[in-house]
Amino acid sequence: MAPRMDDIMRLCCDISANQQMKVAIQHSTRGAMVAGGTAFLGGLLGGPAGIAVGGAVGGVLGAWLTSGQFKPLPQILMELPPNQQQKLYSDIMAVLGNLDWTDMAQLAALVMGNATLQQQVTAALLSYITMELRAEVRYGD
């Protein structure tokens with residue numbers, strides 16, 4: 001990995017670790033499908049009351065299926081294939097513009113020391129995660 005791209009990837013990892021971001025890529029869709037499917041099945045079997053019961057049971061089942069499926073965002077970022085890393089790099093560089101740095105420590109200091117720039121990088125990272133990876137993001141444990 002090129003040094004500048006490596007710096008950007010590490011910066012994204014630092015920001016996401018600092019904010020305790022976790023993502024679920026495909027498992028959130030599966031949970032939603034289970035919840036919707038059981039509500040539909042409940043409606044077929046029990047009418048309006050079946051929809052309510054099926055939705056409640058499906059919601060619990062869907063939550064159970066997706067629990068524990070969230071991974072720390074830094075782990076996801078480091079597992080990205082090169083073409084996706086390049087796309088993220090391009091998105092973040094569009095925010096950083098002509099910012100010049102010599103190493104990761106300087107880049108982190110420049111971004112973390114500027115609240116506006118840090119918010120813009122975080123927004124670009126979240127946009128990439130939700131739009132490109134189609135992932136759900138959670139904060140904290």
Side-chain angles (χ1 to χ4, degrees), residues 1-46 48-141:
M1 193 179 313
R4 290 182 67 86
M5 185 184 292
D6 187 46
D7 290 347
I8 295 295
M9 294 303 294
R10 288 177 41 203
L11 174 68
C12 290
C13 288
D14 286 354
I15 288 174
S16 60
N18 186 36
Q19 296 183 12
Q20 297 181 342
M21 292 181 190
K22 294 183 179 185
V23 296
I25 295 184
Q26 294 176 338
H27 302 292
S28 58
T29 304
R30 183 175 26 163
M33 297 210 24
V34 166
T38 56
F40 177 74
L41 185 61
L44 287 176
L45 297 175
I51 293 173
V53 172
V57 170
V60 170
L61 185 59
W64 177 73
L65 283 173
T66 60
S67 67
Q69 301 296 327
F70 282 79
K71 291 183 180 179
L73 185 52
Q75 178 184 347
I76 299 291
L77 292 176
M78 296 316 291
E79 294 172 356
L80 288 176
N83 62 330
Q84 289 182 328
Q85 287 184 356
Q86 180 62 46
K87 171 70 171 114
L88 177 58
Y89 171 79
S90 298
D91 291 353
I92 300 299
M93 285 305 296
V95 171
L96 296 179
N98 294 328
L99 189 68
D100 192 32
W101 71 91
T102 56
D103 60 9
M104 173 54 200
Q106 185 183 22
L107 174 62
L110 289 169
V111 172
M112 299 303 207
N114 182 331
T116 303
L117 190 56
Q118 183 179 354
Q119 288 174 347
Q120 290 173 340
V121 170
T122 302
L125 177 59
L126 287 173
S127 175
Y128 174 83
I129 296 302
T130 57
M131 302 301 282
E132 296 294 325
L133 299 181
R134 306 221 186 281
E136 179 184 343
V137 178
R138 279 192 189 166
Y139 293 88
D141 295 331

(request) Using the side-chain contact (heavy atoms from CB on, under 4.5 Å) rule, pick out the option among D7, V121, V111, I15 that qualifies with I92. (result)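 Only match with I92 under side-chain contact (heavy atoms from CB on, under 4.5 Å): V121.
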
Are any of the side-chain heavy atoms of [X] and [Y] separated by less than 4.5 Å?
X    : Y    : result
L99  : L107 : yes
I129 : M21  : no
Q19  : Y139 : yes
Q84  : E132 : no

Got a second to check how far [X]'s [atom1] is from [Y]'s [atom2], nearest 0.5 Å?
X    : Y    : atom1 : atom2 : result
L73  : R138 : CG    : CZ    : 14.5 Å
T38  : I51  : OG1   : CD1   : 11.5 Å
W101 : L11  : CH2   : CG    : 8.5 Å

(message) If you apply the rule side chain to side chain contact (heavy atoms under 4.5 Å, CB included), what do you find for L125 with S16, and how did you get there?
(response) CA-CA 9 Å; L125 177 59; S16 60; 4.2 Å; yes

(message) Tell me the closest heavy-atom pair linking C12 and L77, and the distance in Å.
(response)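 Shortest heavy-atom separation between C12 and L77 comes out as CB-CD1, 3.7 Å.
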
(message) Ignoring hydrogens, what is the shortest heavy-atom contact between M9 and L80? Give both atom names and the distance.
(response)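 Between these two residues, the closest heavy atoms are CE-CD1, 4.3 Å.
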
Is there a donor-acceptor contact under 3.5 Å from the side chain of [X] to the main chain of [Y]?
X    : Y    : value
S127 : A123 : no
Y128 : Y89  : no
Q106 : T102 : yes

(message) Would R4 and I8 count as a side chain to side chain contact (heavy atoms under 4.5 Å, CB included) here? Give the steps.
(response) CA-CA 6 Å; R4 290 182 67 86; I8 295 295; 5.6 Å; no

(request) I would like to know whether D14 and R10 meet salt bridge (charged side-chain N to carboxylate O under 4.0 Å, His left out); could you show each step before the answer? (result) CA-CA 6 Å; D14 286 354; R10 288 177 41 203; over 6 Å; no

